[in-house]
Amino acid sequence: MTSYAHHGRCHCGNIDYDFVTSKPVTEFAVRQCGCTYCTKQRARYVADPSGELRITYADEDQVGRYRFGQKTADFIFCARCGVAPFVLCETEGQFFGIINTNSLDEADRVPAPEAPHDFDDEDSGDRLARRRKNWIGRVIINSAT
Ligand SMILES: [Zn+2]
């Protein structure tokens, strides 16, 4: 099976990643979340349960984590340049992730997203189960600091 390593990063490069998946960016199924945070960010997401997310933090002290609502996911942002490249969720000792496609090198080739989804009626159990099924199932974090 072909696999692609799609590179992305925050603006200053403190947060850098590769998203390894079987699809080229032009075939991504792009999702939008209708929550208040994602609406403000104009975030667009992609994941692949059999894919891999390889993250490198140059200075982890400059990596911010924002939680709200049910507080089951961390919106990861660079404290230096403000870009939020992905979201991580830790459950039962395992990390799951989704990529904000705006942070990919090839962001301008990513297809238009589906209409926004509203997940407001999920409880936190439903939410974690959905992420275990749909989000990137293998997350590797390397920190240089
Ligand atoms: Zn940055």
Side-chain angles (χ1 to χ4, degrees), residues 2-120 122 124 127-145:
T2 315
S3 92
Y4 299 85
H6 300 292
H7 181 252
R9 43 172 262 183
C10 68
H11 189 261
C12 74
N14 180 40
I15 302 174
D16 188 283
Y17 67 85
D18 283 298
F19 170 42
V20 180
T21 181
S22 61
K23 289 187 174 165
V25 286
T26 51
E27 291 175 24
F28 280 179
V30 181
R31 299 194 293 249
Q32 270 182 296
C33 169
C35 87
T36 49
Y37 175 86
C38 295
T39 301
K40 283 187 188 291
Q41 287 280 0
R42 293 259 185 271
R44 287 139 190 245
Y45 295 107
V46 70
D48 172 0
S50 51
E52 193 171 285
L53 174 57
R54 301 174 185 154
I55 299 164
T56 303
Y57 297 137
D59 180 357
E60 199 168 354
D61 288 344
Q62 297 294 316
V63 174
R65 292 165 179 82
Y66 179 61
R67 288 187 171 199
F68 68 99
Q70 296 180 354
K71 299 187 166 62
T72 54
D74 286 317
F75 292 82
I76 305 295
F77 62 95
C78 177
R80 202 181 280 151
C81 70
V83 171
F86 44 78
V87 186
L88 297 178
C89 173
E90 188 178 9
T91 172
E92 295 169 14
Q94 191 182 347
F95 277 104
F96 296 85
I98 49 171
I99 303 294
N100 182 344
T101 64
N102 296 332
S103 65
L104 287 163
D105 292 353
E106 294 188 283
D108 57 351
R109 301 183 64 223
V110 172
E114 301 168 8
H117 285 282
D118 181 351
F119 299 110
D120 281 352
E122 283 181 330
S124 60
R127 189 155 293 183
L128 292 172
R130 172 172 53 79
R131 290 176 183 153
R132 276 194 293 270
K133 186 155 85 65
N134 296 334
W135 284 26
I136 302 164
R138 190 168 155 75
V139 177
I140 300 162
I141 302 173
N142 291 298
S143 178
T145 53

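The first residue of the sequence shown is numbered 1, and numbering continues consecutively from there. When a ligand or atom number is given, it counts from 1 through the structure's own listing order.
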Q. Would you call the rings of His6 and Phe19 parallel, tilted or perpendicular if under 30° counts as parallel and over 60° as perpendicular?
A. tilted

(Q) Is the ring pair Phe86/Tyr17 parallel, tilted or perpendicular, if the boundaries are 30 and 60 degrees? (A)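 Ring orientation of Phe86 relative to Tyr17: perpendicular.
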
Q) Ion pair present between Arg65 and Glu60, side-chain N to carboxylate O less than 4.0 angstrom? A) yes

Q | Arg67 bridged to Asp74 by N-O distance under 4.0 Å | A | yes

Q: Return each pair, listed once, that meets salt bridge (Lys or Arg N to Asp or Glu O under 4.0 Å) where at least one residue sits in residues 130-145; pairs must be two or more places apart or across chains.
A: Glu52-Arg138, Glu92-Arg132, Glu122-Arg130

Q) Is atom NE2 of His11 surrounded by more than 12 heavy atoms (other residues, nucleotides or ligands) closer than 6.0 Å? A)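 No.
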
Q) What are the protein N, O or S atoms, given as residue plus atom name, that sit under 2.8 Å from the Zn ion (ligand 1)? A)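 For the Zn ion (ligand 1), the protein N, O and S atoms that sit under 2.8 Å away are Cys10 SG, Cys12 SG, Cys78 SG, Cys81 SG.
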
